[in-house]
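Small disclaimer: the values here were computed from a predicted structure and weren't measured. In listed order, ligands and their atoms are each counted from 1. When a residue number appears, it is its place in the shown sequence, counting from 1.
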Amino acid sequence: MRSALLSTCFLALVLSLSGCQDTRPVAEEERPLPLLLISIDGFRYDYFDLAEIPAIQRLVDGGVKADGLHHVFPTKTFPTHYSIVTGCHAGTHGVVANSMWDPDRDARFSLGNREAVGDGFWYQACEPIWVTAQNQGLRAGTYFWPGSEARIRGVRPSFWKLYSNDVPHLERVETLLEWMDLPAEERPTFLTLYFSAVDSMGHRHGPRADPVRDALIDVDHHLGILFEGLEERGLLDQMHILITSDHGMSWVDFERYIMLDDFLDLSRVLVSDWGPAAQIWATDTEVDEIVAALDGAHPHLRVWAREDIPARFRFGTHRRVPDVVAKADPGWLISNRPFMAGQRQFSLMGQHGWDPALREMHGAFVVHGPAFAAGSRIPTVRSVDLYALMTHLLGLDPAAEQEGSLAPFLPLLNQTTPADIEQRIYDCQGERLEARIGPAHMGLVFQEFVHVLDRIEEGTDGSERFAEVDLRFESQGGTASAEIDGRQFSNCRLVIADR
Ligand code: AMP
Ligand code: ZN
Ligand code: ZN
């Protein structure tokens with residue numbers, strides 16, 4: 001689609017117009033099916049059984065559901081949402097935290113800073129799908145999504161909204177239906193919808209608490225109104241709908257805080273983000289000094305200089321990736337004494353932001369529409385691969401810098417029989433490994449972690465190999481071996497197999 005439009009974009013740039021917004025629109029009869037991307041903030045991978053959620057369940061029954069959605073590091077709202085729509089890891093797209101610092105501009109970004117949130121400067125390094133769509137002649141309508149208020153590479157969605165928690169859910173879904181009722185030349189083909197209430201209740205009351213369940217029921221109720229409206233218009237089965245969430249949620253408590261100022265002189269560093277992972281800049285000291293001060297300082301703290309961050313975190317090389325990352329173990333938080341002195345006990349019961357492989361950090365993934373067989377089930381998928389899936393569904397050429405892959409989804413497209421997961425449990429000399437194997441990738445479950453590995457090759461002897469950076473799994477007959485974060489698992493014996 002892109003090639004036919006290049007000349008228009010080129011002309012727009014030469015004339016210093018704002019990007020390619022004036023690109024020739026794709027005629028209605030050539031347009032792909034609409035795609036709606038939904039995010040239910042903080043919907044953990046295991047919330048599907050939290051309540052009766054008939055609207056979401058309808059898409060699960062009629063579409064594809066993954067075990068979970070493995071996000072990027074850090075597992076926070078802005079980095080993870082922006083990865084979903086760009087296919088880039090956080091250290092590539094540059095939205096490295098909800099609170100971040102840009103060393104070139106000497107400027108700070110935070111969620112509550114309206115000016116920063118709407119400033120394209122923070123989002124330029126990768127291209128969100130609404131920009132890809134607009135540049136290739138489709139229109140986009142976003143009812144909230146991190147980045148959607150900003151002009152990115154000169155382009156904004158045709159319809160977008162200034163973020164506000166307070167907009168009633170009914171208004172959001174009714175507006176979406178109004179957009180679908182527009183004349184063909186105005187109607188968006190790519191749409192987003194976002195709800196924050198499940199995350200807010202998760203922070204306040206903890207994962208799976210009753211208020212979280214009630215918030216989820218309310219979101220599902222409004223999705224039901226939306227889906228009925230789409231059905232009345234004959235659209236529900238003539239479009240693709242993707243339900244995602246940006247991370248999960250873990251319990252926290254006052255007994256599990258690590259005070260950074262116990263180990264480090266905070267007047268000599270800049271800490272741009274706190275919580276499950278602290279992002280630290282050596283403003284008035286040396287990186288080595290910070291690492292030396294924090295290394296081994298607390299049994300639940302890990303510390304890395306930028307270049308030593310484990311490869312599987314794929315944090316990247318953007319200038320906003322800090323000099324030092326200090327990461328707390330699951331359930332632990334990093335803070336400082338002056339801040340905590342002002343905190344009320346029990347004001348925070350749930351949090352997220354830890355290692356993206358931690359299962360409790362995993363979000364939800366459901367996709368529904370004509371490209372997919374009803375009732376398909378697949379292992380945990382990676383959020384960076386969703387841009388590749390979405391551009392494929394929309395017939396768009398993806399941006400060159402994106403880092404995801406369509407491969408995990410290819411075997412699902414245009415099939416009549418639903419995909420299923422083959423489950424195998426191995427005993428590796430007393431350690432339990434669970435392999436959840438799909439057509440093109442697998443979920444490798446070890447302790448509280450679920451890793452995603454790609455299928456590499458299949459031998460004629462029935463052997464299978466899967467890999468991802470720092471991760472490996474190989475099986476043949478009833479035995480397997482694996483590598484996870486440098487740990488070797490060998491002579492693993494198949495104890496349970498379920499196809
Ligand atoms: P987190 O704790 O990382 O899950 O952040 C969740 C919060 O992000 C929500 O409660 C919202 O208030 C905020 N948020 C979500 N989307 C946006 C947006 N587009 N602009 C500003 N704030 C947002
Ligand atoms: Zn969130
Ligand atoms: Zn949150």
Output, in order, the C-alpha distance, side-chain angles, deciding distance and verdict of side chain to side chain donor-acceptor pair (under 3.5 Å) for Trp281 and Ser272. CA-CA 8 Å; Trp281 299 83; Ser272 46; 3.0 Å; yes
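Judged by distance alone, the side chain of Arg302 and the main-chain N or O of Lys327 form no donor-acceptor pair under 3.5 Å. A donor-acceptor pair is defined here as one N or O able to donate and one able to accept, closer than 3.5 Å; such a pair exists between the side chain of His93 and the backbone of Val95. The closest donor-acceptor contact from the side chain of Arg312 to the backbone of Ile484 lies at 3.5 Å or more, if one exists at all. Under the 3.5 Å distance criterion, the side-chain polar atoms of Gln124 are matched with a main-chain donor or acceptor of Arg153.
In this structure, Asp454 pairs ionically with Arg382, as a charged nitrogen and a carboxylate oxygen lie closer than 4.0 Å. Using a 4.0 Å cut-off between charged nitrogen and carboxylate oxygen, Arg58 and Glu231 count as a salt-bridge pair.
Among all heavy-atom pairs drawn from Gly94 and Met100, the shortest one is O-SD, 3.4 Å.
Near-neighbour remark for the Zn ion (ligand 2): protein N, O or S atoms under 2.8 Å are Asp41 OD1, Asp41 OD2, Thr77 OG1, Asp246 OD2, His247 NE2; waters not counted.
Atom CH2 in Trp304 sits 11.0 Å away from atom CG in Asp295 (nearest 0.5 Å).
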For a distance cut-off of 3.5 Å, show me each N or O of ligand 1 paired with any protein N or O, plus the separation.
unit_1: ligand 1; atom_1: 2 (O); unit_2: His203; atom_2: NE2; d: 3.1
unit_1: ligand 1; atom_1: 2 (O); unit_2: His352; atom_2: NE2; d: 3.4
unit_1: ligand 1; atom_1: 3 (O); unit_2: Thr77; atom_2: N; d: 3.1
unit_1: ligand 1; atom_1: 3 (O); unit_2: Thr77; atom_2: OG1; d: 2.6
unit_1: ligand 1; atom_1: 3 (O); unit_2: Asn98; atom_2: ND2; d: 2.7
unit_1: ligand 1; atom_1: 4 (O); unit_2: Asp41; atom_2: OD1; d: 3.3
unit_1: ligand 1; atom_1: 4 (O); unit_2: Thr77; atom_2: OG1; d: 2.4
unit_1: ligand 1; atom_1: 4 (O); unit_2: Asp199; atom_2: OD1; d: 3.2
unit_1: ligand 1; atom_1: 4 (O); unit_2: Asp199; atom_2: OD2; d: 3.0
unit_1: ligand 1; atom_1: 4 (O); unit_2: His247; atom_2: NE2; d: 3.1
unit_1: ligand 1; atom_1: 4 (O); unit_2: His352; atom_2: NE2; d: 3.1
unit_1: ligand 1; atom_1: 5 (O); unit_2: Thr77; atom_2: OG1; d: 2.8
unit_1: ligand 1; atom_1: 12 (O); unit_2: Asn165; atom_2: ND2; d: 3.4

